[in-house]
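These notes are about the structure you will find just below.
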Amino acid sequence: MAVLPVYNVIALPDSKLFFRTDQYQRMTGRAPAEGEKITVIHAKRELPRTEIDGDSFYPIGVSGSISEVNAQGYLVIRLTHRVDLDEVYVYPDKTIELTVSRRPDLLDLDPAEAGRRVTAVKDALLGYARDQPWAPVFRQFVAAWSTLGDVGAGLSPWMTADSESRYALLAEDSQKRRFDLLEDMIYENLELLKVKDIAQSSQEEAHQKTYREAALRKQIDILQKELDALHPEDMTDLQKLEQKLQEAGMNETAEKEAKRLLNRLKNEGQNGAESAMLTDYLEFLSSLPWQKEPSKEIRLDQAREVLDQDHFGLEKVKKRILEQLAVMRLKGMQSGSILLFVGAPGTGKTSIGQSIAKALGREYVRVSLGGVRDEADIRGHRRTYIGAMPGRILDGIQKAGVSNPVMVLDEVDKLSASYNGDPASALLEVLDPEQNANFTDHYLNVPFDLSDVLFICTANSMDTIPEPLLNRMEVIQFQSYTPIEKLQIAKRHLLPKAMESTGLPAGALEIPEETLRHIIGEYTRESGVRGLKKRIDTVCRSAAVKLVQGAETPIAVSPESLRDYLDMSPIRQKTVRDSAEPGVVTGLAWTQVGGDVLYIETKEMKGSGKLTITGQLGDVMKESAQIAVSLVKSMFPDQAERLAAEDIHIHVPDGATPKDGPSAGITLTTALASLVSGVPVSPTVAMTGEVSLQGSINPIGGLPEKLMAAQRSGVKQVFIPQDNLEDLKDVASEVRDQLTIIPVQTVREVLDQLSLTGRA
Ligand code: ADP
């Protein structure tokens, strides 16, 4: 029997060992012969052959026979079983003689399972080798390996493992444990090789770990999933979260972030300091609508129908909305230019947004921006903050649950900047089609695509909207409703809706037109229909109580009984004063809630030509007053001397705030002219217009609202700037017809028409 001493080799039973013939001869001192019995013994240390003795070897060896000696200078040893080396005798010529006895294995390895695992190991090796230049040769090797011992022996020269652990494999009695040990050794070395490769291709260290970790995690995940599938009822919260994350369809960046934080959560455990924060975040991440909604076909006729169904009037608005939808349809896009609905409260801005969503068959979500001061309100807090939250935009998206909702951003004019960043500029990013495909909320920390969201903004006034934001948007004006329009809205929409929501059956309640008109005229004072809606709701609720108490139907509500139903006194309507006195003139103001009339009062008293201005006035209005004084002085030169010895006091009463516009110019000038000339102006004459120092009258805004207020208050005659004539077409005819509207170009024309010409 031949004895082959080896060092640092994996030689195990049930494996083939390849050996170079010349090396074999050197180690054994004889030529190989096929069929010859052989025992492989493991040296404890690497020693030259000349120095070996009986103690140089580990006590267990492995025996078999030479199965092949080929012409290429190789021989194959087939190892079959382990032996205890009872005696090792080393002759002076260094040939070795042994007495051995068979050392049996513990037969605890399931051969079928072993076979499967060997295949897996081989697959892993081939997978790794795929990209290597030596892959073809390697494939041949792998094909020749049939046991794990084969693989171990074959890879032995390339494995990083000390000779002790190689021998430990052989010393292990349990076949199963031996298999496990060797398998681990192979996989570990494979990872090591991969890592080496990555290191060679100069990747960072951190990567190595991540890859290794990822490889391991994947294994765990797969196994875990199999387990979960067996017992779905046993899924822990964490597993549920993980599943939700997997099913969310996130983009690549988000997925990476989710994995990273999920691992952190796993490592940290449920009771870790950060676990609540991590869980909240991951829940939020998984609840976002990452998957894109397919776009639906936009049917214009249908859209028109829906808009008409929900809202009375608003012709211009609806037309403009349909144009927008047509553009979206042509371009095949889910969003288009950003619309800005501007108008007084209760004019239907928000609710028409809702109708647009309905018309498009898309989700609707409303995000209120009123009072938003921090950038973080829009863009979220960074996760590191305690109590960090996503911004309102993503919050809205989450609520909508789809990637393409119609999102109404309410009250963009109520944004204000603070030391915590400018929310308007954050909003700019949200609305910018160039940027919003990659909108990054600080809390979310990964980009989210907002490009399919149809944004609609609403505002009461454009004045306070920052210019860059305004430039992004297409303005659509919502005008105040006339009493006639309000009546129609009440009849067709508000009343039926209120009856339905209070559970009143059709026909149980009768509110005649007369009564509705009464509500509009006596119990509300507004440009929109919010108050009207509230009053009608109240009437319906009172009627519901009556019905439950057994009142006979139909319950009729007369104008006289309104006081009881509404439990409030009629609102005192502002009407122009009865008496005229010099120095007091009726002006028209535009405010965020509609138009209003106001009186500009002036007085003169002994003094030294001082000017006093009172009332809540902004800078612009103060300047207008200065201009008015200068103008009047120049237009009444004969009064100059007298005026020099007088103080003038101008007062603009409250009632219409903010009054910080130049459009009171003509009213101020006329009031002063009336004062100076001593000629009173009838309170039923009102005016609006900006005045230049040259005495010309420049155009103003908000004409429809102002005229409506004038008509409501009993004004008969209104002076308007000639340049505003165009705007008259926006004024409801029932308003226009009841007013004498006089377009003017200069202050002089106004004064002439009112006979304010010098003191008699
Ligand atoms: P805004 O957003 O302009 O303040 P809303 O959209 O909240 O006003 O409107 C207030 C209420 O008045 C809503 O119930 C809305 O349905 C109703 N409304 C407003 N305008 C109309 C209209 N033209 N037709 C029917 N209902 C209207």
Side-chain angles (χ1 to χ4, degrees), residues 303-322 338-359 364-372 396 406-415 454-462 464-465 473 475-502 511 513 516-517 519-520 523-541 590-595 702 704-705 708 730 732 734:
R304 170 89 225 189
E305 222 168 84
V306 173
L307 292 181
D308 282 343
Q309 243 167 38
D310 294 351
H311 291 90
F312 171 82
L314 295 174
E315 272 316 308
K316 266 173 96 177
V317 172
K318 288 178 187 166
K319 181 166 162 275
R320 187 61 200 76
I321 290 171
L322 288 172
I338 320 286
L339 300 179
L340 172 64
F341 294 168
V342 183
T347 44
K349 300 181 299 294
T350 319
S351 72
I352 211 155
Q354 204 164 358
S355 289
I356 293 176
K358 197 161 127 195
Y364 163 82
V365 58
R366 178 172 168 263
V367 172
S368 175
L369 298 180
V372 162
V406 173
M407 185 178 281
V408 171
L409 302 174
D410 238 347
E411 308 197 296
V412 280
D413 54 337
K414 306 283 190 302
L415 285 176
L454 179 59
F455 288 106
I456 295 173
C457 302
T458 80
N460 292 142
S461 136
M462 294 194 309
T464 52
I465 302 177
M473 309 194 269
V475 177
I476 300 182
Q477 294 275 2
F478 280 58
Q479 242 123 49
S480 305
Y481 293 121
T482 63
I484 294 175
E485 285 172 323
K486 286 181 184 175
L487 178 65
Q488 293 303 326
I489 294 173
K491 244 171 62 178
R492 295 174 197 215
H493 297 280
L494 303 181
L495 184 55
K497 262 193 228 159
M499 284 181 66
E500 199 190 317
S501 69
T502 40
I511 308 186
E513 266 190 27
L516 288 175
R517 225 174 274 135
I519 300 179
I520 296 165
Y523 289 92
T524 65
R525 203 180 132 217
E526 58 181 352
S527 305
V529 291
R530 254 187 215 171
L532 179 58
K533 180 175 183 300
K534 270 190 211 149
R535 302 294 112 77
I536 291 176
D537 286 347
T538 311
V539 171
C540 284
R541 275 198 303 274
W590 179 87
T591 74
Q592 295 191 4
V593 294
E705 269 77 14
M708 223 179 276
D730 291 338
E734 69 254 31

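The chain is numbered in sequence order, starting from 1. Indexing begins at 1, ligand by ligand and atom by atom, following the structure's order. Given the structure is predicted, the values throughout are model-derived calculations rather than measurements.
- Between the side chain of Glu705 and the backbone N or O of Ser480 there is at least one donor-acceptor pair closer than 3.5 Å.
- The closest protein non-hydrogen atom to atom 7 (O) of ligand 1 is Arg530 NH2, 3.6 Å.
- Within 6.0 Å of atom CD in Gln309, more than 12 heavy atoms from other residues, nucleotides or ligands are found, so the atom counts as buried in its surroundings.
- A salt bridge is defined here as a Lys NZ or Arg NE, NH1 or NH2 lying under 4.0 Å from an Asp or Glu carboxylate O, and Glu513 with Arg517 meets this definition.
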Point to revise | Test log, rule side-chain contact (heavy atoms from CB on, under 4.5 Å), inputs Leu340 and Ile465 | key: CA-CA 11 Å; Leu340 172 64; Ile465 302 177; 3.8 Å; yes
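- When heavy-atom distances to ligand 1 are checked against a 4.0 Å cut-off, His311 comes that close through both its backbone and its side chain.
- Interface atoms of ligand 1 facing Leu314, defined by a heavy-atom separation under 4.0 Å, are 23 (N).
- Tyr481 counts as a contact of ligand 1, since one of its heavy atoms falls under 4.0 Å from the ligand.
- Taking CG of Leu314 as the start and CD1 of Ile352 as the end, the distance is 5.0 Å to the nearest 0.5 Å.
- Nearest non-hydrogen protein atom to atom 24 (N) of ligand 1 is Phe312 N, 2.9 Å.
- Within the 4.0 Å heavy-atom criterion, the part of Lys497 lying near ligand 1 is the side chain and not the backbone.
- The side-chain heavy atoms of Lys486 and Glu526, taken from C-beta on, include a pair separated by under 4.5 Å.
- Of the protein's heavy atoms, Ser351 OG, 3.3 Å lies nearest to atom 15 (C) of ligand 1.
- Close approach to His493 involves these atoms of ligand 1, each under 4.0 Å from a residue heavy atom: 24 (N), 25 (C).
- Of all protein heavy atoms, the one lying nearest to atom 3 (O) of ligand 1 is Lys349 NZ, 2.6 Å.
- Counting heavy atoms from C-beta on, the side chains of Cys457 and Asp413 never come closer than 4.5 Å.
- Summarising the contacts of atom 10 (C) of ligand 1 with Ala344, Gly346, Gly353, the nearest heavy atom is found in Gly346.
- In this structure, Gly343 does not count as a contact residue of ligand 1, since none of its heavy atoms falls inside 4.0 Å of the ligand.
- A salt bridge is defined here as a Lys NZ or Arg NE, NH1 or NH2 lying under 4.0 Å from an Asp or Glu carboxylate O, and Asp537 with Lys533 meets this definition.
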request  = Begin with the C-alpha distance, continue with both residues' side-chain angles, and end with the deciding distance and a verdict on side-chain contact (heavy atoms from CB on, under 4.5 Å) for Leu516 and Leu532.
outcome  = CA-CA 9 Å; Leu516 288 175; Leu532 179 58; 5.6 Å; no
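- In this structure, atom 14 (O) of ligand 1 lies nearest to the protein heavy atom Lys533 CE, 3.2 Å.
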message: Evaluate Phe341 against Ile321 for side-chain contact (heavy atoms from CB on, under 4.5 Å), listing each step before the verdict.
response: CA-CA 10 Å; Phe341 294 168; Ile321 290 171; 4.0 Å; yes
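- Of all the listed residues (Ala498, Gly313, Gly348), Gly348 holds the heavy atom that lies closest to atom 9 (O) of ligand 1.
- Close approach of ligand 1 to Pro345 is summarised as follows: ligand atoms under 4.0 Å from at least one heavy atom of the residue are 4 (O).
- The shortest separation from a heavy atom of Thr347 to ligand 1 is under 4.0 Å, placing the residue in contact.
- Nearest to atom 2 (O) of ligand 1 by heavy atom, out of Thr350, Ile489, Thr458, is Thr350.
- Residue Asp410 does not touch ligand 1, judged by heavy-atom distances below 4.0 Å.
- Ligand 1 does not have Leu532 within reach: every non-hydrogen atom of the residue lies 4.0 Å or more from it.
- In this structure, the side chain of Asp410 does not engage the main chain of Leu369 through any donor-acceptor pair within 3.5 Å.
- In this structure, the protein non-hydrogen atom closest to atom 12 (O) of ligand 1 is Val529 CG2, 3.2 Å.
- In this structure, Met708 CE and Ser527 OG are separated by 7.5 Å, a value rounded to the nearest 0.5 Å.
- Contact annotation: for Arg492 versus ligand 1, there are no heavy atoms closer than 4.0 Å.
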